[in-house]
Amino acid sequence: MRDPAPATAPADGELALADPAGDTSAPPAAEPAEPVELTPAAPDSAERRWSGPDRVAAALIALHLAVLAWASLPGSFIADDLMRSSEAAGSGLTWKYLTWDVFGHLAPGYRLVFWLQVRIVPLNHDATVALVLLLQGCVGALAWSVIRSLSGRSYRSLLPLVVYLFSALALPSLLWWASALNLIPCHLALLGATRWHLQSVRTGRLRPAWYAALAIAGGLLFWEKTALALIELPLLTFAVLPGGVRERIAGVAARWRQWAIYALPVGLFAIPYVLAGSSYLTPSEHVPLAGVAKFTGTMAWRALLPGLVGGPLDWTRFVQSYFAVANAPDVMSWLGLAGVAAVLVVAVRRRSRPGTVALLVAIPFLVTALLTVFARAVGREAGGVFVLNGYQPSALDYRYLSDLLVPAALALALALSPGRAQPSAPVPAPARIRPSVLAPIAAGIVMLVSLTSAIAYRDSWRQNPVGAYLDNVKATLPRSKPGSTPAMYDNPVPELVFSPFWGAYTHPSRLLRPLRNGPKYSAAPPGFMMMLDPQGRAHPAAFVTVSTTPPAKGNCPFWTTGKALTVPLTKPVPAGDWTVVISYYVKGSTPARLSTVDFKHPDPASKLPPTSLMFTTQEKVGFAGFGQVYGYTVRAPFTHIYLDQLTAPVCVLKVEVGTPVPAGGPGG
């Protein structure tokens with residue numbers, strides 16, 4: 001059974017909450033919810049499905065994708081991307097891997113994409129950009145579908161689309177692969193859930209509500225902030241239902257079935273999230289109320305308001321200058337405040353419930369601010385979140401605000417909607433600029449400022465040296481062929497490529513793990529080792545020794561039957577990132593743990609945790625095995641090395657501590 005279609009299409013200015021696909025099916029009699037006739041349905045005609053505003057929207061989406069490609073292709077992966085790729089390459093597709101903590105997040109879908117990526121297009125930045133562009137095209141089309149269902153299929157509806165597509169709030173997250181894997185599925189989920197929920201409200205059916213719940217469930221697999229749907233959808237329902245405040249509150253309450261359906265995936269997700277002990281739930285220090293207020297105010301004034309009208313125009317520079325910290329002048333904050341005030345004035349004049357419009361952004365923003373404070377007060381960043389070098393970097397990081405673009409676009413669409421029915425004898429109003437004229441002007445201003453911000457950010461993003469480093473590795477690294485490929489020293493990569501803060505991940509054995517037929521870091525006879533120079537080019541390597549064991553006495557100078565073994569060095573080794581080469585005999589194999597000892601100045605707290613090794617017999621040399629340990633960083637000088645946790649007899653012939661240096665031209 002279908003609702004009768006009106007004889008004419010809704011005029012410009014009517015609230016078009018009908019299903020964008022033209023489905024006007026009425027619910028069967030058995031459905032418990034009552035349909036709400038929010039607006040006459042548009043005729044199902046090709047002309048209305050592809051109108052002038054639709055064509056402009058398609059052009060805007062295409063321009064957005066072009067800007068995104070232009071900004072992202074000169075860049076490359078950064079630390080988070082490389083870490084997640086390394087973890088995925090070293091793990092099977094297990095429940096343990098999928099639920100592995102991601103800086104306090106539970107994101108099995110995110111982990112799954114990384115696992116697939118390293119097996120299909122490992123360390124291929126262009127492939128990730130192509131996927132982002134494909135998904136963003138779908139997001140843009142879905143955003144336009146939802147926006148025009150709220151504010152009508154008119155040119156003024158292009159303003160919220162422009163804000164959504166071009167705001168600098170999302171640009172850094174979309175260029176950064178690890179962050180895009182959070183944001184894009186979250187936005188798809190929120191927009192999809194909104195579309196299906198509006199259909200459920202309009203028709204009274206529960207089936208679209210289940211589709212919305214599935215969208216929410218999918219988004220939660222990538223980012224827990226998808227749960228903001230439980231705030232946004234009731235507010236949106238309150239805004240679009242007819243009647244006064246009491247009637248609309250009753251209408252929201254009457255849809256308890258929808259709210260229960262939407263809460264189901266959130267509740268199910270919360271169980272493993274809580275059981276996993278997410279660090280979001282266990283901050284390591286008390287956060288004072290004054291600090292929370294200061295953080296929230298800074299985030300609103302210096303980040304959110306400028307971001308909504310186009311962005312900061314400038315970005316704070318770090319050593320790694322491609323991070324997304326805004327540096328907006330006050331004029332941009334005032335411009336953002338003026339824009340918000342103008343939106344509320346338009347909502348008042350069009351009777352579009354300005355209170356709900358404001359709450360649709362304000363409540364998700366406050367939740368986002370509190371979550372950010374909570375998360376940044378954990379672990380290594382404790383104490384540094386509120387004041388660092390005179391500003392608050394986490395409050396100015398657009399990655400923590402990019403999820404707010406969906407409620408902001410919905411709020412702007414509501415403000416531009418026709419609102420409630422006008423009285424039969426309208427009160428004369430003073431002459432004013434019509435929204436149909438003002439909206440394109442505002443859209444042009446937002447686009448101009450946004451593109452200026454994008455150009456400034458792209459200039460920082462392209463400075464990322466990882467891309468050139470990985471290109472050099474792939475060009476000069478010899479391919480693995482059994483018996484012919486030299487092994488490689490695991491000397492650290494340059495600090496600008498991977499900060500020493502990340503520990504073991506800063507070594508090629510972790511960084512290049514996703515590469516097929518990549519280098520081997522097992523034993524090789526001296527003289528057949530390779531290394532990467534600071535530019536990522538592979539070279540034959542020589543080893544410069546700074547300390548070694550005393551001259552050998554007998555056939556086996558240092559012997560243990562499986563117990564701990566202390567091996568002295570000829571002179572103390574200063575603090576640094578050194579390569580330790582251990583020559584040994586072993587029959588079979590045994591694990592071992594390497595520690596450093598400074599008998600002249602013992603200070604156990606000054607050492608890094610011990611490094612795990614494996615002593616294994618090599619086939620070509622029979623009983624003699626040659627082992628190497630790479631990149632062992634210590635924080636204080638040491639005079640001895642200490643081996644324990646052995647399970648088989650080991651004879652240590654010689655220990656050398658030093659560093660590899662390039663010995664020739666690029667290899668391979």
Side-chain angles (χ1 to χ4, degrees), residues 65-93 97-98 100 102 107 109-139 171-185 222 320 322 458 460-481 485 488 493-494 496-498 502 505-521 532-533 535-538 666-668:
L65 298 179
V67 171
L68 191 57
W70 168 81
S72 56
L73 285 173
S76 186
F77 300 115
I78 58 177
D80 283 17
D81 311 323
L82 300 172
M83 288 175 60
R84 301 307 166 221
S85 294
S86 176
E87 291 165 355
S91 303
L93 190 58
Y97 165 73
L98 292 175
W100 193 349
V102 183
Y110 170 97
R111 288 280 189 188
L112 175 61
V113 173
F114 268 106
W115 191 89
L116 294 173
Q117 175 207 352
V118 300
R119 283 156 180 81
I120 301 173
V121 282
L123 297 183
N124 188 323
H125 183 252
D126 290 348
T128 63
V129 171
L131 181 58
V132 167
L133 294 178
L134 175 63
L135 294 176
Q136 271 301 104
C138 298
V139 173
L171 179 66
S173 293
L174 294 176
L175 301 191
W176 183 346
W177 172 234
S179 185
L181 276 184
N182 288 138
L183 180 65
I184 295 176
F222 293 84
Q320 293 179 318
Y322 34 86
R458 192 246 195 185
S460 296
W461 181 251
R462 68 187 301 179
Q463 297 175 29
N464 185 351
V466 174
Y469 187 89
L470 291 177
D471 288 343
N472 287 336
V473 169
K474 296 173 184 177
T476 63
L477 193 65
R479 297 302 175 187
S480 290
K481 296 179 181 179
T485 300
M488 180 172 289
V493 302
L496 285 178
V497 174
F498 220 140
W502 301 109
Y505 289 98
T506 65
H507 294 75
S509 59
R510 295 289 188 92
L511 175 67
L512 305 182
R513 183 188 282 175
L515 292 180
R516 300 188 187 99
N517 301 319
K520 305 299 180 183
Y521 302 93
L532 298 177
D533 68 11
Q535 287 73 44
R537 297 186 293 261

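- Asp81 places no side-chain N or O within 3.5 Å of a backbone atom of Trp176 that could act as its donor or acceptor partner.
- Taking every heavy atom of both residues into account, Trp461 and Ser72 meet most closely at NE1-O, 3.7 Å.
- Residue Leu183 holds its CG atom at 11.0 Å from CG of Leu135, rounded to the nearest 0.5 Å.
- Counting only residues at least two apart or in different chains, side-chain hydrogen bond (donor to acceptor under 3.5 Å, both in side chains) contacts with residues 117-128 comprise Gln117-Trp177.
- For the atom pair CE of Met488 and CG of Leu477, the computed distance is 4.5 Å after rounding to the nearest 0.5 Å.
- Rounding to the nearest 0.5 Å places CH2 of Trp70 at 5.0 Å from CZ of Arg458.
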Open item on the list: side-chain contact (heavy atoms from CB on, under 4.5 Å) for Phe114 and Glu87? Distances and angles first, verdict last.
Closed with: CA-CA 9 Å; Phe114 268 106; Glu87 291 165 355; over 6 Å; no

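- In terms of heavy-atom proximity, Tyr110 sits nearest to Ala178 at CE1-O, 3.1 Å.
- Here Arg510 pairs with nothing under the salt bridge (charged side-chain N to carboxylate O under 4.0 Å, His left out) rule; sequence neighbours left out.
- Here the OG1 atom belonging to Thr506 is positioned 11.5 Å from the CG atom belonging to Leu82, to the nearest 0.5 angstrom.
- Proximity of a side-chain donor or acceptor of Trp115 to a complementary backbone N or O of Leu98 within less than 3.5 Å is not detected.
- Across every non-hydrogen atom of Leu470 and Leu512, the tightest pair is CD2-CD2, 4.1 Å.
- The nearest pair of heavy atoms linking Asn464 to Ser76 is ND2-O, 3.4 Å.
- Between Ala89 and Pro514, the shortest heavy-atom contact is CB-CA, 3.7 Å.
- With hydrogens and angles disregarded, a donor-acceptor distance shorter than 3.5 Å links the side chain of Arg513 to the backbone of Ser86.
- The CD atom of Gln136 lies 10.5 Å from the CG atom of Leu131; values are rounded to the nearest 0.5 Å.
- Side-chain atoms of Thr476 come within 3.5 Å of backbone N or O of Ala538 as a donor-acceptor pair.
- Atom OG of Ser179 and atom CD1 of Ile184 lie 9.0 Å apart (nearest 0.5 Å).
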Task: Evaluation steps, side-chain contact (heavy atoms from CB on, under 4.5 Å), between Leu68 and Val129 - done: CA-CA 9 Å; Leu68 191 57; Val129 171; over 6 Å; no

TODO: Would you please test Ser85 and Phe77 for side-chain contact (heavy atoms from CB on, under 4.5 Å) and show each step?
DONE: CA-CA 10 Å; Ser85 294; Phe77 300 115; 5.8 Å; no

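- At distances below 3.5 Å, at least one donor-acceptor pair connects side-chain atoms of Asn472 with backbone N or O atoms of Gln535.
- For the residue pair Phe222 and Ala107, the shortest heavy atom distance occurs at O-CB, 3.8 Å.
- With contacts defined as side-chain heavy-atom distances shorter than 4.5 Å, the pair Tyr469/Leu532 qualifies.
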